[in-house]
Amino acid sequence: MAESYNPQAIEAEAQSYWDEQRTFAVREEPGREKFYCLSMFPYPSGRLHMGHVRNYTIGDVIARYQRMLGKNVLQPMGWDAFGLPAENAAMASGVAPAQWTFDNIAYMKKQLRLLGFAVDWEREVATCQPEYYRWNQWLFLRMLEKGIAYLKTGVVNWDPMDQTVLANEQVIDGRGWRTGALVEKREIPMYYLAITQYAEELLAALDQLPDWPEQVKLMQKNWIGKSHGVRIGFPHMVGEGGTLWVFTTRADTLMGATYVAVAAEHPLALHAAQTNPHLAAFIEECRHGGVTEAELATQEKKGMPTGLTVTHPLTGELLPLWVANYVLMGYGEGAVMAVPAHDERDFEFAHKFELPIKPVIRTRAGDETLAPWQDAYADYGVCINSGQYDGLGFEQAVDAIAADLSAKDLGEKKVIWRLRDWGVSRQRYWGTPIPIIHCQDCGAVPVPDADLPVVLPGDLIPDGSGNPLNKYAEFLDCACPRCGKPARRETDTMDTFVDSSWYFFRYCTPGATTMTDARADYWMPVDQYVGGIEHAILHLLYSRFWTKVMRDLGLTPVAEPFAKLLTQGMVVAPTFYRETSDGRKQWINPADVKVQTDDKGRPLAATLSADGQPVAIGGIEKMAKSKNNGVDPQSLIEQYGADTARLFMMFAAPPDQALEWSDAGVAGAYRFLRRLWFHAAEHQEAIRVAGDPDAAALSGPLRELRREVHEALRQALYDFGRHQFNTVVSGGMKILNALSRIESDGDPCAAAVRREGLSILLRLLSPVVPHVTHALWRELGYGDDVLDAAWPAPDETALARDLMTLVVQVNGKLRGQIEVPVSADREFIEQAARAEPNVWRFVEGKPPRKIVIVPGKLVNLVC
Ligand code: ANZ
Ligand code: ZN
């Protein structure tokens, strides 16, 4: 074999071996345990980044580990191929979105292949292919039939200059990204998927996902947002009179309500605006504000009185009615009873507009009567200033108040949800066409199944003025499926979250002529899903929902798509910058910087390599273009090879924690692989001819050394099971260190221990560094393919210790320690303890009065 480690040659050889053997192509094998290992598929942006490399390496290590355990492992890969960047690229460079996307896929696929992932590429899916998205359309039609998909008006961002709808990310500070024009809200008809019909199950089933991170489950839970509260009516005399309903989770604070506020779109606000131009202008202003909840929570509190009043349902007091920008039309009743003493937002608002603040809950400090109030007290406590409800705790007060309101027909307990139905219509080109045809006579008519897929033309070039499908007659013009008259095709496409909601089913059934088939019943659910925490809410929730819809349509027996979830940590790196003359930070790539460090490796100062002048050291941050602190995986692989990249990634941090980039760490990983190669090359001949170690015949250092190997193996196997790959790698390093201490190759016992030790090491590390272990497995004559080898198991006889260490005490004080054979009897231990020089000094040679022996632990001599 080659004397020196040549990763490029080794990796190319291993990869072509796997390709020729079709090593990772799998089929269903009923009766054999399967393992479906899935990493979140990438958006084909053009190049892999380090986050991808980390994600897919973690997934690959798990997949290969499970395969070594003997399971039938499916690890597929594909492309989340629809989305806005392809349209932007088309606009910027004139390359059609389909072309751009497939070019990127080809390039990134080459990069992925260089990393040696154990992927069954015969199952590759790109979501922009008609054979994939036709099933988005097909399931959408089934949802229409079941009333899960429906049409409703929704609010969109409208750029008045470009005459186009903008995606949320195209609105920057309230203005269109291209035109800079003030963005307006427009109401247009859109399709929604009734995910709220599944809210209860989506929430309850989280409890049946023990192998999901708690944090992710909590985020889903908050997003679904089940609120128990009371719907309370405030009678009013507006128009012909009526009742204004609010929703509150704090009915116990009803006696502290000092005003009532409605959303700008609320009918009472619109009514008041008819005779109040100021209010009308304010409502108009609110229409330009943010739409997301985060925007509403953080924006400055604005409001205006309507001049109207409503009646407190219990006291009969008249309360002023305000319009406030922090009240959402789409939540609860679109109206709140405001209790400034106990709600942050109401407090801020009341403070600003000098509305009364009335405390009705005892604070823990008992200081509620002290004015002026600094802040709302939002915790629970007993009622005060609340008449007959004084002294009641939260639940008692809510029950009593709800009962009294109910007697007047002005209240009832109610559960509401934060979760909204999923609006899937996008006024964008590069997505799945919504399979609807608009006919003047028949209205919105579903495309018949036989006419699916509605194929998206791939070569239109958007010019910025909206969806190019709107001007493309070949797509637009069609016949009404119902009456045959000329009709117009729907040009909205589906939210790209649809594409990622079921791709894991499609991987199971390549070539299927139905949405899914029995093969998916074998593979689903995904046993291990690996991906970024940024998808903890929407992608996972939509996938869970889509799967449940498929289940209800009889397409799968599976209710939850992902049995286990691992959310990997970020890849972070130091940042460096210089300030430009106008005070902006110019970020400098770490590769162009020389850093001086202290003896603990902490950075002291940095200079730009090009000019030797200092640069400022910024914080450690997520690798990103904006901070110019990324390292390109391609150059890493070219310099060191894929195994080094993989080894560094696995060794530097546990998968779920942040991984800090370190050039020294990468170089260290490379050195280890070189040492491993060198060790194997040096002892190749001896290993090839050596036999198996005879456990009984081993003694002394060789026996001890073999014990170390098996102990490291035992620990590493445990760490593999809990996905603690960094300590798996350090276990491998321990084994190599132990084997390096074997001196002689001439001694057959020594050669046997080395042979066994290296075979353990290669199998153990094969999931992490598959190429070098593949090559060495063959070179050392262990077999053809390390992937077919049995997963190593520690040998119990090797683990047994010859000697044990006992602590020796004199009168309970630690005075020394002794090593005795595990089989030593009491007398032997006593003699050894007394012979220990330090112990001898303390007992002064006198026989002790009593000797206590705790087996395996200590000896205490009582004098
Ligand atoms: C009175 C009150 C007193 C409230 C108090 C809180 C604290 P969750 O838990 O998220 O369901 N609210 C209700 N509808 C709203 C809307 N359309 N827009 C903005 N806020 C609204 O929150 C329920 C609480 O959010 C309700 O309870 C209401 O304020 C507010 F000391 O009512 B509360
Ligand atoms: Zn028609």
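Just so you know, these numbers use all the heavy atoms, side chains as well, and skip hydrogens, waters and symmetry mates. Sequence positions, counted from 1, serve as the residue numbers for this chain. Read the numbers this way: they start at 1 and go in the same order the structure lists the ligands and their atoms. Because the structure is predicted, anything quoted here is derived from the model rather than measured.
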Does a side chain donor of either [X] or [Y] reach within less than 3.5 Å of an acceptor in the other side chain?
| X | Y | answer |
| --- | --- | --- |
| Tyr150 | Asp421 | yes |
| Glu368 | Thr363 | yes |
| Tyr191 | Asp492 | no |
| Asp252 | Tyr389 | no |
| Tyr198 | Asp552 | yes |
| Ser465 | Lys471 | yes |

Below 3.5 angstrom, do we get any N/O pair linking [X] and ligand 1?
| X | result |
| --- | --- |
| Thr248 | yes |
| His342 | no |
| Leu328 | yes |
| Thr249 | yes |
| Thr253 | no |

cation_pi(Arg134, Trp138) dist<6.0 Å, angle<=45:
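Relative to the ring axis of Trp138, which defines the angle, Arg134 lies outside at least one limit.
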Does Arg489 qualify as a cation-pi partner of Phe475, given the criterion of NZ or CZ under 6.0 Å from the six-membered ring centre and within 45 degrees of its axis?
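Pair Arg489/Phe475 counts as cation-pi.
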For the CD atom on Glu474, are there more than 12 heavy atoms of other groups (residues, nucleotides or ligands in this structure) within a distance under 6.0 Å?
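No, the 6.0 Å shell around CD holds no more than 12 heavy atoms from other groups.
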Quick check on contacts: which atoms of ligand 1 are under 4.0 angstrom from a heavy atom of [X]?
| X | answer |
| --- | --- |
| Val327 | 16 (C), 17 (N), 18 (N), 19 (C) |
| Arg345 | 20 (N), 25 (O), 30 (C) |
| Ser227 | 8 (P), 9 (O), 11 (O) |
| Val339 | 3 (C) |

For residues 432-447, which side-chain N or O atoms pair as donor and acceptor with protein atoms under 3.5 Å away, sequence neighbours left out?
from: Thr432; atom 1: OG1; to: Asn136; atom 2: ND2; distance (Å): 3.0
from: Thr432; atom 1: OG1; to: Asp499; atom 2: OD1; distance (Å): 3.3
from: His438; atom 1: NE2; to: Glu490; atom 2: OE1; distance (Å): 2.7
from: Asp441; atom 1: OD2; to: Lys485; atom 2: NZ; distance (Å): 2.2

Starting from [atom], locate the nearest protein heavy atom and write down its residue, its atom name and how far away it is, to 0.1 Å.
| atom | answer |
| --- | --- |
| atom 21 (C) of ligand 1 | Val336 CG1, 3.2 Å |
| atom 6 (C) of ligand 1 | Asp343 OD2, 3.2 Å |
| atom 28 (C) of ligand 1 | Phe247 O, 3.7 Å |

Minimum-distance pair of heavy atoms, taken over all atoms of Glu187 and Thr153
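Closest approach of Glu187 to Thr153: OE1-OG1, 4.0 Å.
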Distances under 2.8 Å only: what protein N/O/S atoms are near the Zn ion (ligand 2), ordered by chain and residue?
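Hits for the Zn ion (ligand 2) below 2.8 Å: Cys439 SG, Cys442 SG, Cys480 SG, Cys483 SG.
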So, Arg175 and Asp173, do they make that salt bridge, N to O below 4.0 Å?
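Answer for the salt bridge query: no.
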I need the contact type for Met337 against ligand 1. Using non-hydrogen atoms and a strict under-4.0 Å cut-off, is it side chain, backbone, both or neither?
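The part of Met337 near ligand 1 is both the backbone and the side chain.
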Check whether the ring centres of Phe347 and His351 lie less than 6.0 Å apart, and answer yes or no.
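Yes - the distance between ring centres of Phe347 and His351 falls below the 6.0 Å cut-off.
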Counting heavy atoms only, which of Tyr326, Tyr331, Phe347, Trp417 comes nearest to atom 11 (O) of ligand 1?
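Looking at heavy atoms only, Tyr331 sits closest to atom 11 (O) of ligand 1.
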